[in-house]
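Below: the structure, in structure tokens.
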Amino acid sequence: MTDTISKPDDTTAQIVRLREQVETLMKERVTPAVADMAGRAESVVDGATNLMRDQAQTIAGHVRDQPLIAILLAAGVGYLLGRTTR
């Protein structure tokens, strides 16, 4: 009879130990790795945002400096897009 009582207790104890090991692994390895990857992703997004902002300012400067060329270029692109989507 003691075997049937001790087996569930052993199983419960093993589950508790496994849960503790998983929690420790999460705290020591997984959480820092996820935080590191989130930091890297944020850095990449910031870099892309800054690049796009710089490119938009450059294009806006060209349009201000040469508005006629910008209008002709926009009309040409619109014409080509219109022709290809028919």
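Quick note: residue numbers are just sequence positions, from 1.
If you take OG1 on Thr24 and CZ on Arg19, they are separated by 12.5 Å, rounding to the nearest 0.5 Å. We find the CG-CD distance between Leu25 and Gln21 to be 9.0 Å, quoted to the nearest 0.5 Å. Rounding to the nearest 0.5 Å gives a distance of 12.0 Å between CD of Gln57 and CE of Met52. Note that OG1 of Thr12 is 10.5 Å distant from CZ of Arg17, once rounded to the nearest 0.5 Å. Rounding to the nearest 0.5 Å gives a distance of 10.0 Å between CD of Glu42 and OG1 of Thr49.
Hydrophobic clustering (side-chain heavy atoms under 4.5 Å, transitive across Ile, Leu, Val, Met, Phe, Trp, Tyr) keeps Ile59 apart from Leu72.
Remark: Arg53 pairs with Asn50 by the side chain to side chain donor-acceptor pair (under 3.5 Å) rule, at least two apart or across chains.
One N or O on the side chain of Thr84 and one on the backbone of Leu80 form a donor-acceptor pair closer than 3.5 Å.
Taking 4.5 Å as the limit, some side-chain heavy atom of Arg40 sits within range of a side-chain heavy atom of Asp36.
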